[in-house]
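Following: one structure in structure tokens, then a few remarks.
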Amino acid sequence: QVQLVESGGGSVQAGGSLRLSCLASGRTDRRYAMGWFRQSPGKEREFVAAIGWSGASTRIGDAAKGRFSVSRDTGKNTVYLQMNSLKPEDTAVYSCAARANGGIASPWVKDYDYWGQGTQVTVSS
């Protein structure tokens, strides 16, 4: 089992930046792939970014390409989502997720086994 806690959310002006963190605890010695997803009221959960267990491979969702990046610090058991050039449409609850098996980045919700509670990101115009 692994527990995930997101932090770093808040309110920013359009064009600003935020860095979200996902701290993992529990069984953190396994080859987890990590993902970031977001959801706003009335919308389906949307894939944002994912990173493989080694950190060498990443995948970024279409809406975030060119603006967001994902990285991980194994020593700190932390995954980061750097969000630049934020837009009002980026407003959502952002959640991190861990994929217990495979260690390969995936954009699919069904491939993830553990989820954090999420952190709110609000971007004003």
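One-based numbering along the sequence shown. If you're wondering where the values come from, they're calculated on a predicted model, not measured in any experiment.
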Any donor-acceptor pair under 3.5 Å linking the side chain of R72 with the backbone of G52? yes

Heavy atoms from other residues, nucleotides or ligands near CD of E44 exceed 12 (cutoff 6.0 Å): no

Closer than 3.5 angstrom, by distance alone: can the side chain of T119 be matched with the main-chain N or O of Y94 as a donor-acceptor pair? no

Would you say the side-chain atoms of E6 pair up with the backbone N or O of L20, donor to acceptor, closer than 3.5 Å? no

Straight-line distance of R38 CZ to E89 CD, nearest 0.5 Å: 8.0 Å

Working for side-chain contact (heavy atoms from CB on, under 4.5 Å), residues I51 and Y32: CA-CA 9 Å; I51 186 168; Y32 298 105; over 6 Å; no

Separation between CG of L86 and CZ of R67, rounded to the nearest 0.5 Å: 6.5 Å

Nearest 0.5 Å, what's the CD-OG distance between Q13 and S125? 8.0 Å

Heavy-atom pair with the smallest gap, counting every atom of K65 and D62: NZ-OD1, 3.2 Å

Single-linkage hydrophobic cluster V93~V5, side-chain heavy atoms < 4.5 angstrom: no

Which value, rounded to the nearest 0.5 Å, describes the distance between Q120 atom CD and T91 atom OG1? 7.0 Å

Do you know which two heavy atoms are closest between G61 and F47, and how far apart they sit? N-CE2, 3.5 Å

Give the ring-plane orientation class for F37 versus W115, where under 30° counts as parallel, over 60° as perpendicular and anything between as tilted. tilted

Heavy atoms of V70 and A49 approach each other most closely as CB-CB, 4.0 Å

Same cluster or not: L23 versus V121, using hydrophobic residues (I, L, V, M, F, W, Y) connected whenever any side-chain heavy atoms lie under 4.5 Å apart? no

Just how far is it from atom OG1 of T74 to atom CZ of R31, taken to the nearest 0.5 Å? 11.0 Å

To check you understand the geometry: which heavy-atom pair defines the closest contact between A100 and D113, and what is its length? N-OD2, 2.8 Å

Heavy atoms only: give me the nearest E46-A63 pair and the separation to one decimal. OE2-CB, 3.6 Å

Could you tell me whether the side chain of R19 reaches within less than 4.5 Å of the side chain of Q82, counting heavy atoms only? yes

side-chain contact (heavy atoms from CB on, under 4.5 Å) between D90 and M83, worked out: CA-CA 9 Å; D90 293 319; M83 305 186 294; over 6 Å; no

Do L81 and Y114 sit in the same hydrophobic cluster, where Ile, Leu, Val, Met, Phe, Trp and Tyr count as joined when their side-chain heavy atoms come under 4.5 Å apart? yes

Does V79 reach the side chain of W36, with side-chain heavy atoms less than 4.5 Å apart? yes

Same cluster for M34 and W53 if Ile/Leu/Val/Met/Phe/Trp/Tyr side chains link at under 4.5 Å? no

Could you grab the distance from atom CZ of F68 to atom CD1 of I60, nearest 0.5 Å is fine? 9.0 Å

Is any side-chain heavy atom of R59 closer than 4.5 Å to a side-chain heavy atom of P107? yes

Heavy-atom closest pair (A105 atom, A50 atom, distance to 0.1 Å) is CB-CB, 3.7 Å

CD of Q39: more than 12 outside heavy atoms within 6.0 angstrom? yes

Check whether R99 reaches the backbone of I104 with its side chain - one donor and one acceptor, N or O, closer than 3.5 Å. yes

Donor-acceptor check, side chain of Y112 to backbone of A33, threshold 3.5 angstrom: yes or no? no

Give a yes or no on whether V123 and L18 share a hydrophobic cluster (residues Ile, Leu, Val, Met, Phe, Trp, Tyr; joining criterion: side-chain heavy atoms under 4.5 Å apart). yes

